[in-house]
K.L.:
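I have a structure here, written as structure tokens, and I will follow up with some questions on it.
Chain letters run A, B, ... following the sequence lines, proteins first, then strands; residues in each count from 1. Everything numeric in this text was worked out from a predicted model, so none of it was measured.
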There are 2 protein chains.
Amino acid sequence: MAERKRRKPGETRDKLMEAALTLVGKGRHFASLGIREVTRQAGVVPTAFYRHFRNMDDLGLQLVDELGLVLRRMMREARQNVLQADKLMEESVAIFISHVQQNRNFFIFMAQGLAGESRAVQEGIRSELRFFSSELSNDLRRLRLAEHLGDADLELTCDLVVRTVAFSLTDLIGVEPDDDYQIEQIKKRTTRCLQLIFVGAANWQTGNRPE
Amino acid sequence: MAERKRRKPGETRDKLMEAALTLVGKGRHFASLGIREVTRQAGVVPTAFYRHFRNMDDLGLQLVDELGLVLRRMMREARQNVLQADKLMEESVAIFISHVQQNRNFFIFMAQGLAGESRAVQEGIRSELRFFSSELSNDLRRLRLAEHLGDADLELTCDLVVRTVAFSLTDLIGVEPDDDYQIEQIKKRTTRCLQLIFVGAANWQTGNRPE
DNA sequence: TCCACTTGTGTACATTTGTTCACAACTCGT
DNA sequence: ACGAGTTGTGAACAAATGTACACAAGTGGA
């Protein structure tokens, strides 16, 4: 066709990644997406795919990289906005939920990828979660909020926090994005879970550890 | 072909479900399986599929039903074997891990389905988890292990326990089934998480609840 | 300006897929 | 033992898929 080309290089790459996310957001599972389907959604000819990705797994890996950026932006915002310790958890959860709504497809992709088909994507997402958990450890140390906990116990606590929040994703993707009531319920429930965990951490004695 | 037929009726149905699980166990994602692929793995002609299932979603739903049986067997064993309260969590986790290893493909399917493609399967699995959580509540009440907790708080605690255990599935499917060292690590870590949660529950005051 | 390079297009093709249909074999109640 | 219903088979086909190849359109450095 005599259609005008876009100027920016790499535009198609972004269109393809976004197309995949869009399909995921429409209820499809990433593992079931095909090259033709993605290019169709992106409004691009099938062969264009190979200019940017080797296969769908490759696209998945690059999505994980971008997911990393999304998570880092979220952490930054959390660090800036959570100043008083007493509302730490409500606010953190609120920021999390808000980012999930803002980047819904990315987080659905993340929830799918944890038990997805590509081992590499699986490991990539797990690695992001580990990083998130370790950053959380650092922050709690820095804020002097976990002074009675040993390193291993603090790490365990943060890990549990991250898992709990991550699992709430499977709740979030089960409700419509505009069902404010349900989302509010999930927010409250997750917050209470975190509070329960921190009460546990506060009363944890290192001697509890086996071995 | 002049091959001999099996006598039992419904044999093919089981073969198909098992074939799907086998493929899942081999690293495939359920959402990416096709009818032909499953029938091929089952050693059956493609059209035989339609004798038992409307489509792949239907097969998924019937797998969820069977998964329910597996979970119930696990609960029964846990109730029989966990007698002394002090080792409650170690033993429960051990039974869980053992069942996961014994029915590995079922549990992988479960982990996949939580963020899977079929909304119905998703809801089915979530419903199984809710049931599991409520049974756990009953057991704790019966064993007089949570007498200071209100119903809502006990429910929250059990929910968190179930989520934590369920999330550990994503760890378990990431390691080889015979990597005993890694599995032992996951077992220990999960146990400690549960202990942390119960320390939290033990020191939880109902007043913590917002609203 | 020209030339190498990258990015996108269109055509092509062998495979694979879901599904239909007519037929064979087995099961069971009478 | 026979006829109805169920379960499995094989051939068939339109549609979709992954991938290869040759070519057009843009880009940037000399």
K.L.:
For B:S134 and B:R130, what are the C-alpha separation, side-chain angles and deciding distance, and is it a side-chain hydrogen bond (donor to acceptor under 3.5 Å, both in side chains)?
P.N.:
CA-CA 6 Å; B:S134 82; B:R130 272 196 303 271; over 6 Å; no
K.L.:
Separation of B:L16 atom CG from C:dG18 atom C1', in whole Å?
P.N.:
15 Å
K.L.:
Looking only at heavy atoms, which two atoms of A:A31 and B:H29 are closest? And how far apart?
P.N.:
CB-CB, 3.6 Å
K.L.:
Please state how far atom CD in B:E11 lies from atom C1' in C:dT27, giving the value in whole angstrom units.
P.N.:
15 Å
K.L.:
I need the CZ-P distance between A:R51 and C:dG10, as an integer number of Å.
P.N.:
14 Å
K.L.:
Test salt bridge (charged side-chain N to carboxylate O under 4.0 Å, His left out) on A:R40 and A:E37 and set out the steps.
P.N.:
CA-CA 5 Å; A:R40 199 182 311 130; A:E37 194 178 7; 5.6 Å; no
K.L.:
Rounded to the nearest angstrom, tell me the gap between atom CD1 in A:I35 and atom P in C:dT16.
P.N.:
16 Å
K.L.:
Is the shortest side-chain heavy-atom distance between B:L156 and A:R189 below 4.5 Å?
P.N.:
yes
K.L.:
Tell me if the CZ atom of A:R54 is crowded by more than 12 foreign heavy atoms within 6.0 Å.
P.N.:
no
K.L.:
Give, ordered by number, those residues of residues 36-50 of chain B having at least one heavy-atom distance below 4.0 Å to an atom of DNA chain C; if nothing qualifies, reply none.
P.N.:
B:R36, B:R40, B:T47, B:Y50
K.L.:
Specify the angle, to 10°, made by the local axes at the two ends of the helix from C:dC2-D:dG29 to C:dT30-D:dA1 when five pairs are taken at each end.
P.N.:
20°
K.L.:
Evaluate the criterion side-chain hydrogen bond (donor to acceptor under 3.5 Å, both in side chains) for residue pair A:E155 and A:S133; output intermediate values, then yes/no.
P.N.:
CA-CA 7 Å; A:E155 193 239 330; A:S133 169; 5.4 Å; no
K.L.:
Please report, rounded to the nearest Å, how far the P atom of D:dG18 is from the CG atom of A:D57.
P.N.:
13 Å
K.L.:
At what distance, to the nearest 0.5 angstrom, does CD1 of A:I197 lie from CG of B:L160?
P.N.:
5.0 Å
K.L.:
Between C:dG8 atom P and A:F53 atom CZ, what is the distance in whole Å?
P.N.:
10 Å
K.L.:
For B:R141 and B:S137, what are the C-alpha separation, side-chain angles and deciding distance, and is it a side-chain hydrogen bond (donor to acceptor under 3.5 Å, both in side chains)?
P.N.:
CA-CA 6 Å; B:R141 275 268 184 267; B:S137 293; over 6 Å; no
K.L.:
Under 4.0 Å between a side-chain N or O of A:H52 and OP1 or OP2 of C:dT6?
P.N.:
no
K.L.:
Main chain of B:D171, side chain of B:S168: is a donor-acceptor contact present, judged purely on distance under 3.5 Å?
P.N.:
no
K.L.:
What integer distance in Å separates B:M56:CE from C:dG18:P?
P.N.:
8 Å
